[in-house]
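Following: one structure in structure tokens, then a few remarks.
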Amino acid sequence: MAEYDIAVIGGDGIGPEVTAEAMKVVDAAAEVYGFRLNKTEYPFGSEHYLKTEEIFPDAAFEECKQKNAVYLGAIGDPRLPVGLIEYGIIAKMRFELDLYINLRPIQLYDARLCPLKDKGPEDVDMVIVRENTEDAYSGMHGFAHKGQEHEVATQTMVYTRHGVERAVRYAFDLARERDKNKTVTLIDKANAVRAQDIWTRVFEIVAADYPDIKTEHAYIDAACMWMVKNPEWFDVAVTPNLFGDIITDLGAMVQGGMGIAASGNIHPGRVSLFEPIHGSAPKHAGKNVASPVAAILAGSMMLDYLGEKTAAKAIEQVVRDLFTSQRLKGVGTGVHGTTEVGEMVTNELRATAPSA
Ligand code: IPM
Ligand code: MG
């Protein structure tokens, strides 16, 4: 029986609650589809930091490196300095594990979930490939004359040939694999951010290796407009880190809200990190009101990455069916209880299993 070692970090706010439901679902999938998940839980997050001043100790990080995947609920807490815990946990894993792809599928399961008029599941079905280690996230920033009237602040947008090329190639491979328009759209702002000319050039070079894949281009501002006006135009889109961060929140709304959007931080062939896109929503923590759907779908993405494709698809199909049959009414806060949704998905997964 296949076995996988998983590190689980529930994190802050609603993170631990939605993670618990996602873990119930992946465990049920493991049972039904015949594989094993050996989970190690870690307490890291803001609460742990406030108690111990520990963010992500080296020993635990080394352990995570030995796992097949890491699952993260959510982190962030308004009591801590901006970015401290995000950099210490999420960014640390993204950079030090070299998770160069942030894979963010935008898939509408039921027309009722979509805030756009006259758009249905066939119109909203795309994947954003967000480059995940460079751009304004590289950490190269500085202040001069801090606190003075003539203070200067800079942050460098960094693009390397290596970093751009591997993200672009991933997008082309994905477009080939997917059964849609066989199209990759490059989203950038090369008309204003001149350094992004490297994206224009590398995209063209890589495209030459994929004559079967069509190419499109949109500037980020226009891409935001198209995402709302004509989401059906997108199949796979590839974009630098910062634009990818922003447009995937827009995409999350188009597919039904932050309660539904999942992501994978991936280095193909290596330990990778899976998380819902939403944050820790501290005000909803501990009330059993946050939807775990995004967390559950992040679990499905994790299983897909581990090679358990049938189980991954089954989870996605169950979620889709629960929406279309209206048993799941939505992902808004309090529409369903957190544990109620976890149980619903788990029960349905068992009920629809091939041997059931
Ligand atoms: C995301 C988040 C992170 C990011 C934050 C928490 C640093 O918004 O994963 O989209 O900006 O990448
Ligand atoms: Mg974000």
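Given the structure is predicted, the values throughout are model-derived calculations rather than measurements. Counting starts at 1 for both ligands and their atoms, in listed order. Basis for what follows: all heavy atoms, side chains included, without hydrogens, waters or symmetry-related copies.
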- Item | Check: Val289 main-chain N/O paired with Thr338 side-chain donor or acceptor under 3.5 Å | yes
- Assess Arg130 for proximity to ligand 1: is some non-hydrogen atom of it under 4.0 Å away? yes
- Item | Residue-ligand contact Tyr87/ligand 1, heavy atom below 4.0 Å | no
- Task: Note the single closest protein heavy atom to atom 11 (O) of ligand 1, along with its residue, its atom name and the distance in Å.
- Result: Tyr137 OH, 2.6 Å
- Query: For atom 8 (O) of ligand 1, what is the nearest protein heavy atom, given as residue, atom name and distance?
  - Reply: Asp245 OD1, 3.2 Å
- Query: Do Phe143 and His145 have ring centres separated by under 6.0 Å?
  - Reply: no
- Message: Are Phe56 and Tyr49 an aromatic pair, judged by ring center distance below 6.0 Å?
- Response: no
- Message: I need the protein N, O or S atoms closer than 2.8 Å to the Mg ion (ligand 2), given as residue plus atom name.
- Response: Asp245 OD1
- Query: Do Ile75 and Ile89 touch side chain to side chain, with heavy atoms closer than 4.5 Å?
  - Reply: yes
- Report yes if some heavy atom in the side chain of Glu216 is under 4.5 Å from a heavy atom in the side chain of Phe234; otherwise report no. no
Below 3.5 Å, can you tabulate the donor-acceptor pairs from side chains in residues 253-262 to any protein atom, sequence neighbours excluded?
| from | atom 1 | to | atom 2 | distance (Å) |
| --- | --- | --- | --- | --- |
| Gln255 | NE2 | Gln107 | O | 3.1 |

- Task: Apply the side-chain hydrogen bond (donor to acceptor under 3.5 Å, both in side chains) test between Tyr137 and each candidate in Asn241, Asn132, Asp245; give the one that qualifies.
- Result: Asp245
- Query: Quick one: is the NZ or CZ of Lys92 closer than 6.0 Å to the six-membered ring centre of Tyr87, and within 45° of its axis?
  - Reply: no
- Message: Check for me whether Arg166 meets the cation-pi criterion with Tyr100, that is, NZ or CZ under 6.0 Å from the six-membered ring centre and within 45 degrees of the ring axis.
- Response: yes
- Does the protein put a heavy atom under 4.0 Å from atom 5 (C) of ligand 1? no
- The one among Arg94, Glu86, Arg104 that brings a heavy atom closest to atom 12 (O) of ligand 1: Arg94
